[in-house]
Structures are given as C-alpha cells and as structure tokens.
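Here's the structure we're looking at; comments come further down.
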2 protein chains.
Amino acid sequence: MDLDTVRTFVAAADARQFQEAAAELAVTQQAVSKRIAALERNLGVRLFTRTARGAELTIDGQAFLPHARELLSAAERAAASVRTGRRPLRVDVIASRVAATGLMRGFHRAHPEIELDVLMLFDIETAVAAIRSGSIDASFRAVVAPGRPLPEDIAAVRVLDEPLQLLTGPAHALAGARSVPLARLAGHRIWMPGIVPGTEWAAYYDDLVAEFGLSIEATGPNFGSDALLDTIADTPALATFMGERTRLVWPAGHDLRRIPVTDPAPVYPHSLLWHRDNPHPALAALRAHLAAAAAGRDTAGTWVPGWAIPR
Amino acid sequence: MDLDTVRTFVAAADARQFQEAAAELAVTQQAVSKRIAALERNLGVRLFTRTARGAELTIDGQAFLPHARELLSAAERAAASVRTGRRPLRVDVIASRVAATGLMRGFHRAHPEIELDVLMLFDIETAVAAIRSGSIDASFRAVVAPGRPLPEDIAAVRVLDEPLQLLTGPAHALAGARSVPLARLAGHRIWMPGIVPGTEWAAYYDDLVAEFGLSIEATGPNFGSDALLDTIADTPALATFMGERTRLVWPAGHDLRRIPVTDPAPVYPHSLLWHRDNPHPALAALRAHLAAAAAGRDTAGTWVPGWAIPR
DNA sequence: GTCCGGCCACAACCAGTGGTTGTGGCCGGG
DNA sequence: CCCGGCCACAACCACTGGTTGTGGCCGGAC
C-alpha cells in the first residue's frame with residue numbers, strides 16, 4: 001500500500017468517477033484505473049463498482065475510506081512535525097520521571113487543539129543546546145547542576161515539586177510503615193539503577209546523599225522498570241525512590257509498598273526551560289497552563305537541593 | 001513520502017544502525033542508506049547523525065519517530081478494515097438521523113478497545129442484503145417497511161425511540177410554543193427534503209401523515225442541512241422535523257426554535273438488525289451494550305408506526 | 001602510531017514499477 | 001439506434017529503486 005495510491009483512492013471516492021480524479025491529480029484516467037486496480041489487488045477486495053457513469057464505492061470501499069483519510073492526515077502530521085516554522089510545540093521531558101509527562105497530558109487535555117511532540121533528551125546540557133538552537137521549544141528539567149548557571153537567553157520557572165516515596169517489597173524492614181522520616185533511611189540500601197553520572201538527576205541524588213547521609217547505589221545497568229520492580233519485590237534489603245505521581249503497573253503477586261518520606265519530604269523540582277526569544281504561540285499557552293497548575297502549592301516541610309531555582 | 005521508506009526509518013531508528021535494519025528488512029545496507037537519504041531530502045531535515053558505529057536519531061528524528069509509528073499503524077488499521085475474517089465490527093447507521101451515531105459513540109466510549117467501522121448505506125434493502133452477504137455486521141434501521149417482513153436469518157431488536165421535534169424559524173406561527181400537540185400540526189407546511197420514496201424512512205412519514213392528517217412536502221433535492229436550516233430560518237410558513245438528539249450547529253443570526261411535539265410524541269423507532277449466524281465477538285458486546293442502554297425507557301404517550309417491531 | 005574492523009556513502013548498472021498513448025467495450029440518454 | 005462518456009486492456013517507455021563494488025571515516029586494540 002502506498003500513499004499516492006491511497007490519495008488516488010480518496011480522490012476517486014470523492015469525485016465518484018476516475019476521470020475527474022485523474023484530472024485533479026494531474027494524471028491520465030488510465031493511471032488512476034491502474035492504481036485503483038493495484039490497490040484492490042493488494043487488499044484483496046473490490047473497492048469500487050464500475051458503471052457507465054462513473055465508479056461507486058462498494059461497502060468495503062466505504063469502510064476503507066475513513067481509514068484512508070486518516071492515513072493521509074497522519075502522513076500530513078508526520079511531515080508537519082519536522083517542518084521548520086509552525087511545527088508542533090516540541091517539549092523535552094526528563095526520562096524516568098513521569099510527573100512531567102503527566103503535566104503535558106494535563107496541558108493536552110486542556111488544549112487538545114495544540115499539536116504537541118514530546119521527546120526525551122539525554123541531559124540538561126543537550127536540552128539547553130537544543131533550546132538555544134531552536135530544535136526544541138521547552139524542556140522539563142531540575143534546572144542546572146551546581147556551578148553551571150543557565151545562559152542568559154534561557155528562561156526557567158519551577159513548575160512542580162514532586163515528592164519522592166520509598167518503594168519496597170513486602171519483606172523490607174520499613175514495609176509496614178505509614179511514613180518514614182528521611183533520617184531513618186540512613187543505613188538502608190537504596191538502589192537507583194540507570195542514574196547517569198553528570199546529569200542533573202545524578203546531581204540531585206548526590207546532594208540528597210550528602211545532606212542526609214543516605215547510601216544510594218547506582219550500580220548496574222538499567223534493565224527497565226520491570227526488572228527494577230522484580231528485584232525490589234524479592235529483595236528485603238533493597239528499596240528505591242519513586243516519584244509520588246509515577247503510575248506503575250506491576251505483575252500480580254508483587255506486593256510492593258509505597259511509603260511517603262517526611263521531615264523533610266524530598267521533592268524533585270521540575271522546572272520548565274525555554275528560550276526567551278522563542279515566538280511559538282503554543283509556548284505561551286503552555287507557560288500559562290503550568291503557572292495556573294502550580295499556583296497555591298505549599299513548599300513547607302520539603303527539601304530541594306540548594307541549587308534548585310526558587311519558586 | 002512512501003510507507004516503505006517510513007518503515008525503513010522506524011527499523012533504522014530501533015536498530016540504531018542501518019546495517020541491522022537492512023538485514024531485518026531483507027535489503028542491502030545501501031538500499032537503506034538511499035531510502036533514508038531520500039526521506040531526509042523530502043522532509044528537508046536530517047533524521048540521523050551517522051557515526052562510525054551506527055546512526056543516532058537527531059532531535060528532528062526523535063520528533064518524527066512517533067508520527068512515523070502512527071503512520072504505519074494507521075496503514076495497518078486501514079488494511080485490517082477490509083481483511084476478511086477478524087476485521088473491525090461494521091455497523092450501518094441511517095443517514096440524516098443522528099441518534100444511531102450517538103449510540104455508536106456511547107458504545108465506543110464503553111469499549112474503546114473494540115475496533116469499529118461506521119457506514120451509511122442507502123436503505124434497508126441494501127442493509128439487509130449486506131448483512132446477509134456478511135459485508136456488514138449490523139444496521140440501525142426503523143426495521144422493514146409494511147408488507148415486507150424480515151428474512152428468517154435476520155434478527156432485530158428495537159433499541160432506541162427518538163422523539164421528533166419541530167424545527168422552525170423565529171417568524172413561524174408556532175415559534176413561541178413550548179410544545180405543540182401533534183394534531184395542531186395539521187395545516188402547517190412541513191418540509192423534509194431528501195426523503196427518498198421507498199425507503200423505510202419515507203414509510204415512517206407516510207404513516208405519520210396518514211394517521212394525523214399532516215402535510216409533509218418532500219419536494220426538491222436535498223442540498224444538505226445547511227441549506228435546509230437557511231430556508232427554515234427565513235421562511236415563516238415552513239417547519240421541519242428533527243430528532244431530539246440531533247446536534248446541529250447553525251450560523252449566528254439564525255434564530256431557530258426546537259419545539260417538542262406531544263399527544264402523542266412521534267418517535268422514530270431505531271432498531272438493530274444483524275445476522276443470526278454472525279459470529280463476530282464484538283457483535284455480542286454491541287447487543288449487550290444497547291440492551292443495557294435501552295432498558296427502562298418509557299413508551300407511554302408516544303407514537304410509532306404499526307409496523308414497527310415491538311419492544 | 002598504526003592497523004584492523006565495522007559502518008555508512010557514492011558510483012555504476014540493471015530490472016521492474018508505474019506512467020503514457022492508443023484503442024475497444026459497455027451503458028444510458030437523446 | 002447512434003452517440004457520448006467512462007472505464008479497462010495493450011504496448012511502449014522512462015525513471016525509480018534495487019543490486020554489487022568500492023572507498024572513506026572513525027574507534028578500539030595492539
């Protein structure tokens with residue numbers, strides 16, 4: 001199945017005759033006839049009944065038509081996604097932290113007419129470079145690691161503080177706790193595979209460890225959240241941190257516990273970064289939406305790294 | 001943009017190298033290279049950065065990737081829509097009556113995982129023939145016109161009674177009424193363009209006219225609902241019938257009135273028709289959904305033609 | 001530093017897809 | 001009954017899109 005053929009099918013269905021469709025597509029009637037015949041051969045069904053005054057859709061053809069239109073519009077959207085100028089708003093979200101994705105879903109629900117593309121870049125350096133080059137329009141990050149101020153032309157606001165919870169298996173020493181003070185975690189093994197040194201995410205946990213004397217192991221490759229959950233569920237001595245907004249599904253039989261952390265609650269400070277000169281109209285809408293969503297949230301009793309931008 | 005090229009792009013993005021993608025697609029590495037180069041030329045952006053150990057997606061490539069996947073899955077759905085055996089459930093709804101479409105939307109909301117194709121066939125003869133031949137799985141109709149019983153192998157249940165309302169312009173004699181008894185419509189001109197003689201829809205209005213002494217004009221071609229609304233709005237002497245569930249948008253400045261009809265309220269008896277032997281699993285789900293939706297509705301004070309199937 | 005291996009790009013060549021023109025059959029209306 | 005309009009089939013041709021062959025580049029090992 002090829003897109004030109006599908007386009008021909010739609011044109012013929014709309015015109016209700018091959019001749020006119022051919023004129024519209026600037027080919028001969030014979031070409032249209034051959035394309036439709038080829039499409040019918042590929043699909044294995046008759047799409048038109050040929051009459052002396054044109055061509056009528058068969059029932060199969062009527063069923064196929066909306067799918068054909070959808071296919072063409074998907075092609076149009078695909079091409080638009082990389083068109084320079086008036087392309088969809090491109091937003092980078094930090095991997096492994098699902099809260100930013102949730103914010104973007106909320107924005108999409110509030111503004112379904114705004115075209116969005118969501119990416120996950122590697123780290124904040126890449127994100128900032130992409131914002132400066134115009135490759136992306138905005139990025140959800142914890143803002144810059146200590147000692148590396150943002151360039152002048154990049155703006156940032158803190159838009160969401162996501163509390164971290166402890167995730168344990170049923171046999172863990174803290175599995176029964178309703179909540180646990182941060183200081184009580186000293187001495188427990190906390191495993192966070194997949195943290196890449198040098199990223200702003202790693203800097204966050206470095207600060208957390210230094211300030212509260214935790215021991216976080218980032219050893220081993222990240223085999224994905226399934227493997228992580230498997231291990232946490234089966235290993236009494238291990239726990240991990242997980243954003244409170246992260247929605248996970250785990251296999252039946254894994255009796256995992258989410259335990260809020262308090263005194264203070266460590267929160268991950270998601271911020272939105274963008275280029276001050278970016279004229280994309282949807283960017284203003286995104287900023288307004290996030291500002292409205294963040295308003296009124298309380299920061300008492302929470303901890304963020306000293307280098308997090310203020311609210 | 002052609003689908004083979006897009007498939008190649010996705011394979012290369014997944015494999016993170018052209019060579020492996022080529023093996024997967026059973027072509028040479030050179031062919032993949034040429035396809036990707038052609039795609040990049042068409043789109044006007046670089047999709048991969050070529051390295052000595054493979055090919056990495058650029059940011060544009062990352063933005064394009066989900067659209068490419070969507071495009072391929074749209075192609076898959078399009079092909080599936082005409083695949084014999086295990087194709088989406090195909091349901092015919094009567095044109096110009098929007099209530100059946102509403103029922104199908106409700107069904108889709110309740111079962112988003114069930115693939116659906118909605119068609120609008122010409123009349124009940126066509127629909128019954130299509131059901132018997134297996135071209136469609138079900139049809140929303142008012143069931144058969146008088147004197148033409150359904151074939152033995154077709155089953156039917158009445159699933160929705162849709163009250164008709166009178167639609168008038170602001171200068172119509174009845175424009176100010178909160179409701180109007182059916183008998184009061186005698187002598188008023190009611191215009192229903194587009195009724196095709198011989199259809200079950202025409203039979204419905206024939207009976208309505210005969211029983212209550214109305215005068216319904218079906219003259220003139222149907223130029224679509226926009227033209228109908230224009231005329232109704234501007235012509236004090238004309239009114240038309242419209243299903244209570246029909247959602248219309250009319251241009252600003254048209255002050256149209258919807259007036260319920262009573263004593264009795266004429267209702268259009270939508271029924272679901274299907275083939276007794278149709279094994280499509282989604283058909284059972286549709287019947288169950290409609291039965292649940294129809295339960296408990298009251299038929300007191302309403303009128304249906306004598307030939308409507310009982311509830 | 002140098003060599004080697006892996007991967008991608010360019011060039012030349014060839015087959016087959018997909019277009020064109022020419023023509024015939026069919027159906028409906030005047 | 002003939003004419004006009006529309007679609008299908010046939011023959012032909014160009015160019016797209018594949019193949020093989022080869023070269024350049026980069027990174028790791030020695």
Side-chain angles (χ1 to χ4, degrees), chain A residues 1-58 60-62 64-65 68 71-72 75 79 122, chain B residues 1-62 64-65 68 71-72 75 79 122 221:
Chain A
M1 186 167 18
D2 120 276
L3 287 179
D4 271 332
T5 306
V6 173
R7 225 179 306 277
T8 305
F9 166 77
V10 171
D14 288 343
R16 307 169 76 85
Q17 67 180 44
F18 291 4
Q19 201 118 264
E20 192 180 324
E24 199 166 317
L25 300 169
V27 295
T28 60
Q29 163 265 317
Q30 289 87 335
V32 171
S33 179
K34 278 172 82 167
R35 283 186 190 174
I36 301 287
L39 183 59
E40 290 177 327
R41 187 158 18 89
N42 283 336
L43 295 174
V45 296
R46 211 114 230 278
L47 295 172
F48 289 96
T49 55
R50 280 76 161 167
T51 75
R53 258 202 329 285
E56 295 291 316
L57 282 177
T58 62
D60 279 315
Q62 290 178 50
F64 186 70
L65 181 56
L71 189 53
L72 296 182
F122 177 67
Chain B
M1 185 166 19
D2 118 279
L3 286 178
D4 270 332
T5 306
V6 173
R7 223 179 306 277
T8 305
F9 167 78
V10 171
D14 287 343
R16 308 169 76 85
Q17 66 179 46
F18 291 4
Q19 201 118 263
E20 192 180 323
E24 199 166 315
L25 299 169
V27 294
T28 60
Q29 163 264 318
Q30 289 87 334
V32 170
S33 179
K34 278 173 83 169
R35 284 185 190 174
I36 301 287
L39 183 60
E40 290 177 329
R41 185 158 18 88
N42 283 336
L43 295 174
V45 296
R46 210 117 234 276
L47 295 172
F48 290 96
T49 55
R50 281 75 163 169
T51 75
R53 259 201 329 286
E56 296 290 317
L57 282 176
T58 62
I59 290 176
D60 279 315
Q62 290 178 50
F64 186 70
L65 181 56
L71 189 54
L72 295 182
F122 178 67

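As the structure is a computational prediction, the values presented were derived from the model and not from experiment. Here is the naming used below: chain letters follow the sequence lines, and residue numbers restart at 1 for every chain.
- In this structure, D/dT22 forms a base pair with C/dA9, meeting either the Watson-Crick or the G-U wobble geometry with both donor-acceptor distances under 3.5 Å.
- Separating the CG atom of A/Asp4 from the P atom of C/dT17 is a distance of 17 Å, rounded to the nearest angstrom.
- Computed from coordinates, the B/Leu39 CG to C/dC8 P distance equals 16 Å when rounded to whole Å.
- Summary of the strand contacts: B/Glu20 and B/Lys34 both lie near DNA chain C, and taking for each the nucleotide with the nearest heavy atom, the more 5' one is attributed to B/Glu20.
- If you measure from atom CZ of B/Phe48 to atom P of C/dA9, you get 10 Å, rounded to the nearest angstrom.
- In this structure, the CD atom of B/Gln17 is 12 Å from the P atom of C/dA9, given to the nearest Å.
- For A/Arg16, the CZ atom counts as loosely surrounded, since its 6.0 Å shell holds 12 or fewer non-hydrogen atoms of other residues, nucleotides or ligands.
- Contact of the A/Val45 side chain with the A/Thr58 side chain is not registered, since no non-hydrogen atoms from C-beta on lie closer than 4.5 Å.
- Nearest nucleotide to the side chain of B/Phe18, out of C/dA9, C/dC27, D/dC7: C/dA9.
- Among the heavy atoms of the strands lying under 4.0 Å from B/Val27 are primed sugar atoms or P, OP1, OP2 only; no base atom is included.
- Note that CG of A/Leu3 is 6.0 Å distant from CG of B/Leu71, once rounded to the nearest 0.5 Å.
- To the nearest 0.5 Å, atoms CG (A/Leu57) and CZ (A/Arg46) are separated by 12.5 Å.
- At D/dA8, one or more side-chain N or O atoms of A/Ser33 fall inside 4.0 Å of OP1 or OP2 (strictly under the cut-off).
- Between A/Ala55 and B/Arg53, the residue anchored closer to the 5' end of DNA chain D is A/Ala55, taking for each the nucleotide with the nearest heavy atom.
- Within the 4.0 angstrom heavy-atom criterion, base atoms lie near A/Gln29.
- Both distances falling under 3.5 Å, in either a Watson-Crick or a G-U wobble arrangement, place D/dC30 opposite C/dG1.
- Dashed line: the shortest gap from a side-chain N or O of A/Thr28 to OP1 or OP2 of C/dT20 is under 4.0 Å.
- Regarding B/Gln19, its CD atom lies at a distance of 15 Å from the P atom of C/dG5, rounded to whole Å.
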Set out, in order, the CA-CA distance, both residues' side-chain angles and the distance that settles side-chain hydrogen bond (donor to acceptor under 3.5 Å, both in side chains) for A/Arg35 and A/Thr8, then state yes or no. CA-CA 7 Å; A/Arg35 283 186 190 174; A/Thr8 305; 2.6 Å; yes

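- Contact annotation: B/Arg35 side-chain N/O to D/dG18 OP1/OP2 distance is under 4.0 Å.
- In this structure, CG of B/Asp2 is placed 8 Å from P of D/dG18, rounded to the nearest angstrom.
- Per the geometry, CG belonging to A/Leu3 stands 13 Å off P belonging to C/dG18, to the nearest Å.
- Along DNA chain C, the nucleotide closest to A/Ala38 and the one closest to A/Thr51 are compared, and the more 5′ of them pairs with A/Ala38.
- In terms of polar N and O atoms assigned as donor or acceptor, the side chain of B/Gln30 comes within less than 3.5 Å of the base of D/dG21 in a complementary pairing.
- The CG atom of A/Leu25 sits 15 Å away from the P atom of C/dG18 (whole-angstrom rounding).
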